[in-house]
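Worksheet: one structure, shown below.
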Amino acid sequence: MSNALTPQNPVPVTLVPEKFANPLRQIQGVMAQPAVRRAGPMALMVGLIGAAGLAWSALSTPPQKTLFSGLPDSDKAAVTTALSAANIPSHIDDSAGTLTVNEEDYSKARLLLAGQGLPKAAPGGYAILDELPMGVSRAVEGERLRQARETELARSIQEIDAVAEARVHLATPEASVFVRDNAAPSASVVVKLQGGRSLSDAQVQSIVNLVASSVPGLKPDAVTVVDQMGGLLTKSGDGPDSTNDKRIEFQRRVEDKYRQQLIQLLTPLVGAGNFTAEVQADVNLDETSATRESYDKEGRLRAETGNWTGNMANAQAPGGIPGALSNTPPPASQLSTPQPATGNPGTPAPQPTAGGPAPDPAKQTDAFQRAYDLNKEVSVTRAAPGNIKRLSVAVLLRDPDKGKRTAMEIQQINDLVKSAVGFDQARNDNVTVISRKFADTATDAAAAPKWYDNALVPMIARNLTAVLIALLVLLLGVRPIAKALMKKREDATPAKDAAALADGATGNATALTDGSGEGAAGAPRVAADGEQIAVQAPVSLDQIETSQSYEERIDAVRGFTRDNPARAALAVRDMLGADAKP
């Protein structure tokens, strides 16, 4: 009958759905197994330690900052090699194509790569023309040529020490066959200057001439140079604004000249940083020209024209034998009253002049035209600008740490300053020298960066946060698990005692007794792993006899059995032997 009831090929088909019908119950069954329950706390501890390690690695790693993006593979290899040689960790994101470094290493990496000329990036300049495919249109070719020219000009401008980066934009219109439609080309340059650097007017003019000379038909007036702050660096050469700028620049140069003289004079005397000097120069920037004409009051005869007529009736003609007698002087003249002229009644007769030659009696009338020069003198005077009308100098000295400067010392410094700047009392120049304490302590404290602006603060905060998380995991996760394990071990101790009691009942009681036959009640018990477990106070026979209720007597008996397992085992054996007797 058993063979009829037992199938030939038992197939547990109906057990498969019951086994996997409730996965949660199966998981609970697995977790309820003793081996799994014993290994569960350890697995949980390992998981918590692993989570703490992951949190530490996530928080201790500094944030990343994108260094470059979209670099070709050759530049990526060159950049990563340079960073590795400098011990700067880097990471390449293949999905985004970016190269990142730690945030605190960003500036260092940029400076390092800039010093090595990395990355090379895409080909620039006239190398762009090498990549032109065949069959491109004329417009595309013209744009590529313009782009190549802009890149080459930008590279040339970047060779200037004060220029960090430069960009050039060229506006070159198409040439037209009509003259009136031709437009002049123009250009604009944007320069990014180095920190604390500036371009002089000569350097700006050099950039303008460089761009204008590189583009056909481009005039220097059509080039505009702008810095990274939006300031216009090019200035027009004409107009009142240009004239005022030149005058202000000239005055600034004069003041800087005097200031440098004072710095060179006072630095060896009082030390660098122990004085300040300011100069205000009132410069005469007016250009004047004057023309002066002067004449001589007496004058000078330049030309004379005229004629005279006279009566020759009484005049004696020269005669005689030529010879020695003809060279004899004429006889002495005699004063005679001249007769009025008969030729021109309107003309008065010449009057004799005292001390002058006697009038010629033969001369009747005269008519002369005379021209006199007054010695005209023309002088042109032009006064060039730059004369100093008034000079004001102020010097502030720092008092020594101990004591003050004497009046004699201040007076000596005052005389030195006057000699250095060319003091002139006629110009009402003013020189003032005083000595005071400098208020640099409060200024330095206010200008000093705050403690939370330090670059080490974020790193320290991340490390402290990671340490705090690890401590929380240890205190809130590992410690309770350890306590639970210790409690289970303590709970397992009574079971071990019961097993020892059973062993004593079967004949192993001698191993638990001492020499007197009493158990080691009241002494600390030692577990299997060597850990001491504290027990309750021993229970005596008097306590059992004085117990009032049944429950108290049962508890006392249990305590006495726990404290004296050997005596309990002997009592049980006697009881069993007594029951076995007829």
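Numbers for residues simply follow the sequence, beginning at 1. Just so you know, these numbers come straight off a predicted model, no measurement behind them.
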Worksheet, complete the sentence: P173 and A183 have their tightest heavy-atom pair at CG-O, 3.2 Å
Practice prompt. First locate atom OG1 of T276, then atom CD1 of I263, and finally report the distance between them rounded to the nearest 0.5 Å.
Written response: 10.0 Å
Response to the item:
Here the gap from L397 atom CG to I413 atom CD1, rounded to the nearest 0.5 Å, amounts to 4.5 Å
Worksheet item: Within a strict 4.5 Å, meaning less than it, do heavy atoms of the L153 and L170 side chains meet?
Response: yes
Discussion item. Measuring only between side-chain heavy atoms, which start at C-beta, is I410 closer than 4.5 Å to I434?
Written reply: no
Worksheet item: Hey, what do you get for CD (Q411) to CZ (R405), rounding to the nearest 0.5 Å?
Response: 14.5 Å
Discussion item. Quick check against the 3.5 Å criterion: does Q261 have a side-chain atom that pairs as donor or acceptor with the backbone of V421?
Written reply: no
Worksheet item: Are any of the side-chain nitrogens in R149 or E152 under 4.0 Å away from the carboxylate oxygens of its partner?
Response: no
Discussion item. For a side-chain contact (heavy atoms from CB on, under 4.5 Å) check, start with the C-alpha distance between F68 and D75, then their side-chain angles and the critical distance, and finish with the verdict.
Written reply: CA-CA 10 Å; F68 296 107; D75 284 342; over 6 Å; no
Worksheet entry | Contact check, side chains of F250 and V283, non-hydrogen atoms, under 4.5 Å | yes
Discussion item. Using only atom types and a distance under 3.5 Å, with no angle test, would you say the side chain of S213 pairs donor to acceptor with the backbone of L210?
Written reply: no
Worksheet item: By salt bridge (charged side-chain N to carboxylate O under 4.0 Å, His left out), which residues pair with R252, not counting sequence neighbours?
Response: E249
Worksheet item: Taking 4.0 angstrom as the limit, do E150 and R146 come out as a salt bridge?
Response: yes
Worksheet item: Looking at R197 and D161, what are the two nearest heavy atoms and their distance?
Response: NH2-CB, 4.0 Å
Discussion item. Tell me the closest heavy-atom pair linking S198 and A162, and the distance in Å.
Written reply: O-CB, 4.1 Å
Worksheet item: Checking T224 side chain against S188 main chain: does a donor-acceptor pair fall under 3.5 Å?
Response: no
Discussion item. If I compare all heavy atoms of P220 with all of V208, which pair ends up nearest, and what's the gap?
Written reply: O-CG1, 3.3 Å
Item to complete: Work out which heavy atom in A154 is nearest to a heavy atom in V168; give both atom names and the distance.
Response: N-CG2, 3.8 Å
Worksheet item: Considering only heavy atoms from C-beta outward, does the side chain of L193 approach that of V163 to under 4.5 Å?
Response: yes
Item to complete: Mind running side-chain contact (heavy atoms from CB on, under 4.5 Å) on E104 and K65 for me, showing each step along the way?
Response: CA-CA 9 Å; E104 57 267 14; K65 189 172 183 179; over 6 Å; no
Worksheet item: Hey, are the side chains of I49 and V473 touching, using non-hydrogen atoms and a 4.5 Å cut-off?
Response: no
Worksheet item: Do V223 and V215 have side chains that get closer than 4.5 Å, going by heavy atoms?
Response: no
Discussion item. Working to the nearest 0.5 angstrom, can you tell me the gap between E409 CD and S435 OG?
Written reply: 7.5 Å
Worksheet item: Taking side chain as C-beta onward, heavy atoms only, is R390 less than 4.5 Å from N430?
Response: yes
Worksheet item: Do side-chain atoms of D105 reach the backbone of V101 as a donor and acceptor pair under 3.5 angstrom?
Response: no
Practice prompt. Look only at the side chain of D424 and the backbone of A426, and say whether a donor-acceptor pair between them is shorter than 3.5 Å.
Written response: yes
Practice prompt. Apply side-chain contact (heavy atoms from CB on, under 4.5 Å) to the pair L396 and F438, showing each step before the final yes or no.
Written response: CA-CA 9 Å; L396 177 61; F438 282 10; 3.7 Å; yes
Worksheet item: OG of S90 to CD of Q64: how many Å apart, nearest 0.5 Å?
Response: 9.0 Å
Discussion item. Has K437 got a side-chain atom pairing as donor or acceptor with P400's backbone, closer than 3.5 angstrom?
Written reply: yes
Practice prompt. Working to the nearest 0.5 Å, report the span between OG1 of T66 and OH of Y106.
Written response: 8.5 Å
Practice prompt. Please examine the side chains of N209 and Q205, heavy atoms only from C-beta on, and report whether any two atoms are closer than 4.5 Å.
Written response: yes
Worksheet item: Which atom pair, heavy atoms only, marks the closest approach of A82 to L112?
Response: O-CD2, 3.8 Å
Worksheet entry | Evaluation steps, side-chain contact (heavy atoms from CB on, under 4.5 Å), between Y258 and L391 | CA-CA 10 Å; Y258 284 112; L391 193 65; 4.2 Å; yes
Worksheet item: Got a salt bridge between D221 and K219, using NZ or NE/NH1/NH2 to carboxylate O under 4.0 Å?
Response: no
Worksheet entry | Qualifying salt bridge (charged side-chain N to carboxylate O under 4.0 Å, His left out) pairs, either residue in residues 255-280, two or more places apart | D256-R259, R259-E278
